[in-house]
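Inspection log for the structure reproduced underneath, given as structure tokens.
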Number of protein chains: 2
Amino acid sequence: MPALDPTDLWRRPERSAVGPKPEHSRSGIATAALRIADQEGLAAVSIRRVAASVGAGAASLYRYVKSHDELVELMMDTVSGEYHLEPGTGGPLEQLLDLAHQGRGIMQRHPWLAPLLLTRPSMGPNSLRYLEAALTTLESVDLPGPAKLQTVAMLSAITSAFVQNEMATARPPGPKGAATNRGQYLAEALKAGDYPHLTAALTGHSDEGHPDEHFTSIVTNYLTGAGIPSQPPD
Amino acid sequence: MPALDPTDLWRRPERSAVGPKPEHSRSGIATAALRIADQEGLAAVSIRRVAASVGAGAASLYRYVKSHDELVELMMDTVSGEYHLEPGTGGPLEQLLDLAHQGRGIMQRHPWLAPLLLTRPSMGPNSLRYLEAALTTLESVDLPGPAKLQTVAMLSAITSAFVQNEMATARPPGPKGAATNRGQYLAEALKAGDYPHLTAALTGHSDEGHPDEHFTSIVTNYLTGAGIPSQPPD
DNA sequence: CCATAATTGCGATCACCGTTCGCAATTAAG
DNA sequence: CTTAATTGCGAACGGTGATCGCAATTATGG
């Protein structure tokens, strides 16, 4: 009976017919929540915090959003609006590649996004618009519908995975030579003599080229393997 | 100053020299936490819940684990122990493919694992053993150390992404014809006429073959593109 | 013009969470 | 046998998501 599905958010009108005018709005709440999440992480996005940030009482937020999950759903759909979805040029592969790069940019701007994207795909209007655009890209490709969906989903998944890996690898801003706890422990473990290959792999100094090209090659590889052509068939 | 790094767990001895014998153990706590997470989801794994499950007071758990994060780290490393890491046969690609399949199995057995794996890689002994095995697989491959690490990390990432996508797609156990909320909303949105390609893609009945083969082809594709050979060079 | 009905804002409150503190009880070492 | 460390844990603190009830506000129908 209870509305546990955050997707219910999109079935409710933002404002109903009668009653006092709301002092706030979904978009206002969304941008406030976004600012907090971008700066302090998703964990800092609590109902009370967001409410205070827009100048409302804690309980008032529930007039705009039925649950914390719905708030997150709102945030996800809002950032989905950052895609530029003009028709685009090039073959299906090139267009999907462009979408993937855009997605990577969005996930980098909003570090909390990538993990969520895999666990709970959003179904808001902006997210659906993105999906539609991605599928439009595959219009000329001869593949069953579900396969196209799968491909687009895996594209997002790979992008998310890449970005998360990118972020986990990125060394935290430690300007001083202060050894991190993690590093200290690792050093101990390696000194013990087990894990010889791990030691070797970590010892070799990091030569990792430009991550942009790396990302491009991974995605291209996947799409090619999935049967997405670079040029539309004639 | 505070030990915020969950990795600190592995630097502490399980039992110290003096004092009364502990009534519980890390592994006991881990298995209790695992049972709860597997059955009711990671959100149900609270300190109090796990403590009660092993017959201890809530505050007592902190004698074994310094924080909730460490408890999760303990859980992750424990399931990492489910890998079978015998040397294995075949070329590097085949061996990595086998590890990926094992990983998929583990993530399916423990649905809470996949999302965590990307966000917070574990560094416990079992996790390191896995990493070592994966790198041993690449012994004969001529690639710089960091590149090998990247490859192994992306392999886990892709596997996690695939499993999460798999689970999100899997229809929840709705035996009756009861339309889910999500479905209802989607139907409405599609009926509006926007999203024609999405509609088409969803209308086409799902013909998705065996997901095992799909997974194999995706991973093989990635590994091949990453320069991992099927047979060791002579 | 006014009464009605719906809706908003929100203080108070509930249950639960992670975490800390202080203390009695237990144990190994000197 | 004394000492020092360690365990188990009840109680408490601050924060969380969520609910309830009520006063204030508003568009609509009579």
Side-chain angles (χ1 to χ4, degrees), chain A residues 1-6 8-9 11-29 32-33 36-37 40-75 112 116 120, chain B residues 1-6 8-9 11-29 32-33 36-37 40-75 112 116 120:
Chain A
M1 157 133 55
L4 285 152
D5 195 335
D8 260 19
L9 172 65
R11 304 181 56 174
R12 283 195 309 272
E14 161 122 38
R15 178 152 163 32
S16 56
V18 295
K21 344 179 191 179
E23 299 179 1
H24 313 281
S25 69
R26 278 182 192 171
S27 78
I29 290 170
I36 296 175
E40 308 177 41
L42 187 64
V45 178
S46 70
I47 295 284
R48 290 170 174 47
R49 189 91 154 63
V50 174
S53 162
V54 299
S60 304
L61 257 215
Y62 286 93
R63 296 291 176 194
Y64 300 86
V65 141
K66 267 235 190 50
S67 69
H68 185 256
D69 273 12
E70 278 197 3
L71 176 59
V72 174
E73 167 93 6
L74 180 58
M75 293 170 62
W112 46 270
L116 293 186
R120 32 155 90 189
Chain B
M1 156 132 53
L4 284 151
D5 195 334
D8 259 20
L9 171 66
R11 305 180 54 174
R12 284 195 308 274
E14 161 125 35
R15 177 150 164 35
S16 55
V18 295
K21 346 180 191 178
E23 298 179 1
H24 313 281
S25 68
R26 278 184 192 169
S27 79
I29 291 171
I36 296 176
E40 308 177 41
L42 187 63
V45 179
S46 70
I47 295 287
R48 292 183 222 280
R49 190 90 154 62
V50 174
S53 164
V54 299
S60 304
L61 257 213
Y62 285 91
R63 297 289 176 197
Y64 301 86
V65 140
K66 267 234 187 55
S67 69
H68 185 257
D69 273 13
E70 278 197 2
L71 176 60
V72 174
E73 168 93 6
L74 179 59
M75 293 169 64
W112 47 270
L116 293 186
R120 33 158 88 189

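First the proteins, then the strands, lettered A, B, ... as listed; each starts at 1.
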Q: Can you sort out the partners of A:Ala37 under side chain to side chain contact (heavy atoms under 4.5 Å, CB included), two or more places apart, ordered by chain and number?
A: A:Val45, A:Met75, A:Trp112

Q. How long is the line joining CZ of B:Arg49 and C1' of C:dT19, in whole Å?
A. 20 Å

**Q.** Between CG on residue A:Leu9 and CG on residue A:Asp69, distance to nearest 0.5 Å
**A.** 11.0 Å

Q) Can you tell me how far CD of A:Glu23 sits from CZ of A:Arg63, rounded to the nearest 0.5 angstrom? A) 12.5 Å

Q | Nearest heavy atoms of B:Pro22 and B:Tyr64, plus distance in Å | A | CB-OH, 3.2 Å

**Q.** Qualifying residues under side chain to side chain contact (heavy atoms under 4.5 Å, CB included), relative to B:Val72, sequence neighbours excluded
**A.** B:His68, B:Met76, B:Leu116, B:Arg120

(Q) Under 4.0 Å from a heavy atom of chain B: give me the 5'-most and 3'-most nucleotides of DNA chain D that qualify. (A) D:dA5 to D:dA12

Q) Looking at CD of B:Glu70 and CG of B:Asp5, how far apart are the two atoms once the value is rounded to the nearest 0.5 Å? A) 8.5 Å

Q. Of A:Lys21 and A:Ala43, whose nearest nucleotide on DNA chain D comes first from the 5' end?
A. A:Ala43

Q.
So which atom in B:Ala32 and which in B:Val54 form the shortest heavy-atom distance, rounded to 0.1 Å?
A. CB-CG1, 3.5 Å

Sub-3.5 Å pairs of nitrogen or oxygen atoms, protein against nucleotides 3-5 of chain C:
none

Q: Would you mind reading off the distance between A:Ile47 atom CD1 and C:dC17 atom P, rounded to a whole angstrom?
A: 18 Å

Q: Measure the spacing between CZ of A:Arg12 and CD of A:Glu14 and express it to the nearest 0.5 Å.
A: 10.5 Å

Q: Mind calculating the distance between CG (B:Leu61) and C1' (C:dT20) to the nearest angstrom?
A: 15 Å

Q: Could you list all the side chain to side chain donor-acceptor pair (under 3.5 Å) pairs where at least one residue sits in residues 48-60 of chain A, not counting sequence neighbours?
A: A:Glu40-A:Arg49

Q.
Can you tell me how far apart CG (B:Leu71) and CD1 (B:Ile29) are? Round to the nearest 0.5 Å.
A. 8.0 Å

When you compare the protein's N or O atoms with those of nucleotides 10-14 of chain C, which come within less than 3.5 Å of each other, and at what distance?
{"residue": "C:dC10", "atom": "OP2", "partner": "A:Gly57", "partner atom": "N", "Å": "2.9"}
{"residue": "C:dC10", "atom": "OP2", "partner": "A:Ser60", "partner atom": "OG", "Å": "3.1"}
{"residue": "C:dC10", "atom": "N4", "partner": "A:Arg63", "partner atom": "NH2", "Å": "3.3"}

